[in-house]
Protein chains: 2
Amino acid sequence: MKQEKTDNLQPGGVSAPRFDAIDRKISAALVKDAGRSFASLSEEIGLSAAALHERVKRLRANGVIRRTQAALDGAKIGKPLLAYIHVTTAGWGITPGLMKIAQLPEVEEVQTVTGDISVIMKVRVSHSLALQGLLARLYKLKEVRATSSHVVLSTHQERPVQAEITEDLGSEVAVGIIPEV
Amino acid sequence: MKQEKTDNLQPGGVSAPRFDAIDRKISAALVKDAGRSFASLSEEIGLSAAALHERVKRLRANGVIRRTQAALDGAKIGKPLLAYIHVTTAGWGITPGLMKIAQLPEVEEVQTVTGDISVIMKVRVSHSLALQGLLARLYKLKEVRATSSHVVLSTHQERPVQAEITEDLGSEVAVGIIPEV
DNA sequence: GCCTATGCCCGAATAAAATTCGGCAACAGG
DNA sequence: CCTGTTGCCGAATTTTATTCGGGCATAGGC
């Protein structure tokens, strides 16, 4: 029996759903390929298929895994033009008009952000005329003050949320910045 | 017999794969939920499970469906801070230094764009110190002239490439814009 | 220290799904 | 009119997901 020491267990936290190293590993694997069979994954993780299945079920129930989806090729489905639209609005937040535009299948992201712009939209369209049409719809909204578009020339990385975390990202800057008490 | 005629080949090596309305419908369904059984999907589409399976297999082979992946909740895996970093670089394009940073699991997108900035990066980190660490790594590269960060306050839409296309997006602007010949 | 409740895991059985296969019909080209 | 090709179907077949009963270890009450 190759029973691993269960040092992955966490002290009983009632509120926060636990998410240990194994869960992270499973999540990372499913982000890369959600179509893999539990059998082969369980081998890689070091769990039985049944235990793995239970964990995945719990990850879904907890909302860690929100869903599993197909990743399409934008160009091959007829939408080769990707762009970011920066929107400056009068007033605050997202209005019903903007939300309606956000529902268009061309619109992939709508985020309110800090900085000198209010909203960042990520849109993918069939051709430049469609981009213009999208901008026209934006300018029909009276809360839209200005827009600034950035057409994507080439994509060097584009992927969903990754499960892994680089541990030493913050620490390297911390030295000499945190004041002594 | 499946013979490959050389005159079928197009520049790029791939003969034009067809992508009809049914394919689009299937793709749209799989983007929403790739875990659905072929049986239930075939009912909705109006095909047999076998025919549906064959189409999906072809969509994958053609690269229309690039992969199927799990969508994680950024906050629940310990990365609640989402931001866009606009990078202005000296010289052109993506350098090896930038490509290395693009491999970090915190970096979800790296795009070269038109406009007054060179690169747009989408990053998701655990806390602001990690964002600072990321910026520190960027500024270590001598090709990086300046950056401008936009922290996401709230996400109103965030989803992968959608299969649907709004047909009348371009047409509405076209009226009165395209000059008569 | 002992006892029990709990969480996590396993192997095997079962249910469900994916995948394959042979054949039929529509269509285009010769 | 024939013929090769394509897309589809229903039914087998194989693979996979899912359930089930139980074992082991830990934590906490007593």
Side-chain angles (χ1 to χ4, degrees), chain A residues 1-27 29-71 76, chain B residues 1-10 14-71 76:
Chain A
M1 181 191 303
K2 48 160 185 156
Q3 171 70 15
E4 303 281 334
K5 298 274 287 185
T6 51
D7 48 11
N8 43 329
L9 299 183
Q10 287 189 347
V14 194
S15 53
R18 86 191 221 322
F19 184 71
D20 62 16
I22 296 182
D23 286 328
R24 195 174 294 276
K25 233 172 148 182
I26 295 172
S27 303
L30 291 182
V31 167
K32 279 195 294 187
D33 179 9
R36 188 124 75 108
S37 79
F38 280 13
S40 82
L41 224 192
S42 69
E43 215 169 305
E44 181 178 316
I45 300 288
L47 283 182
S48 73
L52 173 63
H53 178 259
E54 200 165 325
R55 275 178 180 261
V56 172
K57 205 167 75 178
R58 204 197 50 216
L59 288 173
R60 283 187 203 282
N62 290 346
V64 174
I65 298 177
R66 299 202 305 186
R67 58 180 168 177
T68 149
Q69 62 203 2
K76 291 191 175 155
Chain B
M1 192 57 89
K2 45 160 190 178
Q3 61 170 352
E4 313 222 351
K5 291 195 161 184
T6 29
D7 44 64
N8 287 354
L9 300 180
Q10 289 189 346
V14 187
S15 57
R18 86 182 202 355
F19 184 72
D20 60 16
I22 296 183
D23 287 327
R24 194 174 294 276
K25 233 173 148 183
I26 295 172
S27 303
L30 291 182
V31 168
K32 279 195 294 186
D33 179 9
R36 188 124 74 108
S37 78
F38 281 13
S40 82
L41 225 191
S42 69
E43 214 168 305
E44 182 178 316
I45 299 289
L47 283 182
S48 73
L52 173 62
H53 178 260
E54 201 166 324
R55 274 178 181 260
V56 172
K57 205 167 76 179
R58 204 197 51 214
L59 287 173
R60 283 186 202 284
N62 290 346
V64 174
I65 297 178
R66 301 202 304 187
R67 59 180 166 177
T68 148
Q69 62 203 1
K76 291 192 175 153

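Every heavy atom of this structure was used, including side-chain atoms; hydrogens, water molecules and symmetry mates were not. In what follows, chains are A, B, ... by sequence order, proteins preceding strands, each numbered from 1.
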Gap between atoms [atom1] and [atom2], on [X] and [N] respectively (whole Å):
{"X": "B:Asp20", "N": "C:dC27", "atom1": "CG", "atom2": "P", "result": "15 Å"}
{"X": "A:Glu54", "N": "D:dG21", "atom1": "CD", "atom2": "P", "result": "14 Å"}
{"X": "B:Glu43", "N": "D:dC9", "atom1": "CD", "atom2": "P", "result": "13 Å"}
{"X": "A:Ile45", "N": "C:dC8", "atom1": "CD1", "atom2": "C1'", "result": "16 Å"}
{"X": "B:Lys57", "N": "D:dG7", "atom1": "NZ", "atom2": "P", "result": "13 Å"}
{"X": "B:Arg18", "N": "C:dA28", "atom1": "CZ", "atom2": "P", "result": "14 Å"}
{"X": "A:Ile22", "N": "C:dG7", "atom1": "CD1", "atom2": "C1'", "result": "13 Å"}

Requested in this report: Rounded to 10°, tell me the angle between the two end axes of the helix from C:dG1-D:dC30 to C:dG30-D:dC1, each built from five pairs.
Outcome: 30°
If you take all heavy atoms of [X] and [Y], which pair is closest and at what distance?
{"X": "A:Leu52", "Y": "A:Phe38", "value": "CD2-O, 3.4 Å"}
{"X": "A:Ala34", "Y": "B:Ala70", "value": "CB-N, 3.8 Å"}
{"X": "A:Ser27", "Y": "A:Val64", "value": "OG-CG1, 4.4 Å"}
{"X": "B:Val31", "Y": "A:Gln69", "value": "O-CB, 3.1 Å"}

Query raised in the report: Atom CG of A:Leu41 and atom CG of A:Asp33: how far apart are they, to the nearest 0.5 Å?
Result: 8.5 Å
**Report entry** Approximate separation, where rounding is to 0.5 Å, of B:Lys76 NZ and A:Arg66 CZ
**Finding:** 9.0 Å
Requested in this report: Indicate yes or no: does A:Asp23 engage A:Arg55 in a salt bridge with an N to O separation below 4.0 Å.
Outcome: yes
Report task. State plainly whether the residues A:Glu44 and A:Arg36 are in salt-bridge range, i.e. N to O under 4.0 Å. Result -> yes
Between the protein and nucleotides 15-18 of chain C, are there any N/O to N/O pairs under 3.5 Å, and if so, what are the atom names and distances?
residue: C:dA18; atom: OP1; partner: B:Phe38; partner atom: N; Å: 3.2
residue: C:dA18; atom: OP2; partner: B:Phe38; partner atom: N; Å: 2.9

Query raised in the report: OP1, OP2 of C:dC9 versus side-chain N and O of A:Arg55: anything below 4.0 Å?
Result: yes
Nucleotide N/O to protein N/O under 3.5 Å, stretch nucleotides 22-24 of chain C:
none

Report task. Evaluate the side-chain proximity of A:Arg58 to A:Arg18: yes if any heavy-atom separation is below 4.5 Å, no if none is. Result -> yes
